[in-house]
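Position 1 is the first residue of the sequence, and the numbers go up from there. On a predicted model such as this, the values are computed, not experimentally measured, just so you know.
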Amino acid sequence: MRTYVITGGTDGMGKGLGLHFLERGDRVIAIASGESKGRAFLAEAEALGAGERAVFLRADLSTVAGMRRVVEEVTATTEAVDGLVFGAQRFRPAREETADGLEFTFALSYLSRVVIGEGLMERLERADAPVIMNLAGPGGLPGQIFWDDLQLREGYKGMRASMQSSRCLDLLGAGFPAQHPGARTRYVLYNPGFVNTGMADPLRQPMRSLTKVLARFFAMPVSKAIVPIARLLDHPPEAAATAFMRGKPLPLTGAAFDPAAADRLHRVTADLLAGLPATR
């Protein structure tokens, strides 16, 4: 029996993967902020006969305290983590600040992956073939990192924040081997493309309705989108870090995966975390 920790695990891709692993006999710790969706996930697990192997951990992953609570809870209850799946993300049309004074998208989509990934490395390294699966956006829409204004206090746009986080995640994956030389854990960046999930819910009208109509006709269903992801979790790539776009390998080359930029982001992130009261 393997153990999987999934952020965003009660909805969309995260939920699909969680139920897939539960159905075949594995243990799943689903992390999300919504109590009602958490209860629904546990009910579906029970219906599969997997109630004793399903755990719902409620946490606000936009706050550093919430991120660290996840690390503490998983570490206290789990000897080894076979797969850590990062699926938590939420589009914000207007700028919001978290309790730590950080821009919401940056905190949830990028920083939570840093804190939880680093915090669970020791448990990952105990597994036979550990994998960090980051559901991100390599090879997708372009974007940039605003090094002088990472919190986007000037000129905020929802898409700009999302694309900045995607580029941060590219560098997070690309920099993993340098930050963890000799680690057995494999880091996979995976862009599933257009999948029919609830990602359109926070959009403003009429874009919300339009996106949902397009998803109904053109997006890949979750049940199909998770197949190559589950395969990579079962059979990790040989390379320490890899990237895929809908199952197709992407080269870790070019500006999106620049080692110097990855190191810069690592240092900037470490300084940012060290300066937050929640981390002291």
Problem - ring-ring contact (aromatic ring centres under 6.0 Å, His included), paired with Tyr187, selected from Phe176, Phe244, Phe257 - result: Phe176
Give the cluster check for [X] versus [Y]: same hydrophobic cluster or not, with ILVMFWY residues linked at side-chain heavy-atom distances below 4.5 Å.
{"X": "Leu265", "Y": "Leu272", "value": "yes"}
{"X": "Leu48", "Y": "Leu42", "value": "yes"}
{"X": "Val70", "Y": "Leu273", "value": "yes"}
{"X": "Leu152", "Y": "Leu169", "value": "no"}
{"X": "Leu232", "Y": "Leu19", "value": "yes"}

Okay, side chain of [X], backbone of [Y]: is any donor-acceptor separation there less than 3.5 Å?
{"X": "Glu103", "Y": "Arg95", "answer": "no"}
{"X": "Glu125", "Y": "Arg184", "answer": "yes"}
{"X": "Gln164", "Y": "Leu150", "answer": "yes"}
{"X": "Ser112", "Y": "Ser109", "answer": "no"}
{"X": "Arg90", "Y": "Leu108", "answer": "no"}
{"X": "Arg167", "Y": "Gln144", "answer": "no"}
{"X": "Arg186", "Y": "Ala183", "answer": "yes"}
{"X": "Thr7", "Y": "Ala88", "answer": "yes"}

Handout entry: Residues Glu73, Thr75; criterion side-chain contact (heavy atoms from CB on, under 4.5 Å); working and verdict
Key = CA-CA 6 Å; Glu73 291 279 348; Thr75 301; over 6 Å; no
Practice task
Dump the intermediate steps for salt bridge (charged side-chain N to carboxylate O under 4.0 Å, His left out) on Glu44 and Lys15, then the final yes or no.
Solution key: CA-CA 10 Å; Glu44 290 190 56; Lys15 178 182 177 182; 2.4 Å; yes
Could you tell me if the side chain of [Y] sits less than 4.5 Å from the side chain of [X], heavy atoms only?
{"X": "Met245", "Y": "Tyr190", "value": "no"}
{"X": "Lys224", "Y": "Ile226", "value": "no"}
{"X": "Met13", "Y": "Pro192", "value": "yes"}
{"X": "Pro237", "Y": "Val188", "value": "yes"}
{"X": "Leu135", "Y": "Val85", "value": "yes"}
{"X": "Glu97", "Y": "Arg153", "value": "yes"}
{"X": "Ile145", "Y": "Leu171", "value": "yes"}

When rounded to the nearest 0.5 angstrom, what distance separates [atom1] in [X] from [atom2] in [Y]?
{"X": "Phe106", "Y": "Gln151", "atom1": "CZ", "atom2": "CD", "value": "5.0 Å"}
{"X": "Leu84", "Y": "Thr185", "atom1": "CG", "atom2": "OG1", "value": "9.5 Å"}
{"X": "Leu250", "Y": "Leu189", "atom1": "CG", "atom2": "CG", "value": "9.0 Å"}
{"X": "Leu141", "Y": "Ser162", "atom1": "CG", "atom2": "OG", "value": "10.0 Å"}
{"X": "Asp26", "Y": "Asp82", "atom1": "CG", "atom2": "CG", "value": "7.5 Å"}
{"X": "Leu17", "Y": "Leu233", "atom1": "CG", "atom2": "CG", "value": "7.0 Å"}

Closest approach of [X] and [Y], non-hydrogen atoms and distance?
{"X": "Gln179", "Y": "Asp263", "answer": "NE2-OD1, 4.1 Å"}
{"X": "Pro177", "Y": "Ala240", "answer": "CG-CB, 3.8 Å"}
{"X": "Ser62", "Y": "Asp100", "answer": "O-OD2, 4.2 Å"}
{"X": "Ala80", "Y": "Ala127", "answer": "CB-N, 4.1 Å"}
{"X": "Leu22", "Y": "Ala45", "answer": "CD1-CB, 3.7 Å"}
{"X": "Thr98", "Y": "Ala107", "answer": "CG2-CB, 3.9 Å"}

Exercise for the section: Evaluate the side-chain contact (heavy atoms from CB on, under 4.5 Å) criterion for residues Leu57 and Arg69: first the C-alpha distance (whole Å), next the side-chain angles of each, then the deciding distance (0.1 Å), finally the verdict. Expected result: CA-CA 10 Å; Leu57 176 55; Arg69 176 172 170 260; 3.6 Å; yes
Would you say the side chains of [X] and [Y] form a donor-acceptor pair under 3.5 Å?
{"X": "Ser166", "Y": "Tyr110", "answer": "no"}
{"X": "Asn134", "Y": "Arg113", "answer": "yes"}
{"X": "Thr3", "Y": "Arg123", "answer": "no"}

Exercise for the section: For the residue pair Tyr4 and Phe21, categorise the inter-ring angle as parallel (less than 30°), tilted (30 to 60°) or perpendicular (more than 60°). Expected result: parallel
Show which side-chain atoms of residues 114-122 pair as donor or acceptor with protein atoms under 3.5 Å away, not counting sequence neighbours.
unit_1	atom_1	unit_2	atom_2	d
Glu118	OE1	His180	NE2	3.4
Glu118	OE2	His180	NE2	2.8
Glu122	OE2	Arg126	NE	2.7
Glu122	OE2	Arg126	NH2	2.9

Problem - Verdict with supporting geometry, Val28 and Val5, side-chain contact (heavy atoms from CB on, under 4.5 Å) - result: CA-CA 6 Å; Val28 172; Val5 177; over 6 Å; no
Handout entry: Enclosure of Glu154 CD (heavy-atom neighbours >12, cutoff 6.0 Å)
Key = no
Exercise for the section: Please lay out, stage by stage, how Met1 and Arg53 fare under the test side-chain contact (heavy atoms from CB on, under 4.5 Å). Expected result: CA-CA 10 Å; Met1 181 174 66; Arg53 291 182 278 105; 3.4 Å; yes
Exercise for the section: Report the C-alpha separation of Asp234 and Arg231 in whole Å, then their side-chain angles, then the decisive distance to 0.1 Å, and conclude whether the salt bridge (charged side-chain N to carboxylate O under 4.0 Å, His left out) test is met. Expected result: CA-CA 5 Å; Asp234 287 341; Arg231 188 181 302 122; over 6 Å; no
Practice task
For the pair Asp271 and Arg267, evaluate salt bridge (charged side-chain N to carboxylate O under 4.0 Å, His left out) and give the outcome as yes or no after the intermediate values.
Solution key: CA-CA 6 Å; Asp271 289 344; Arg267 288 184 280 106; over 6 Å; no
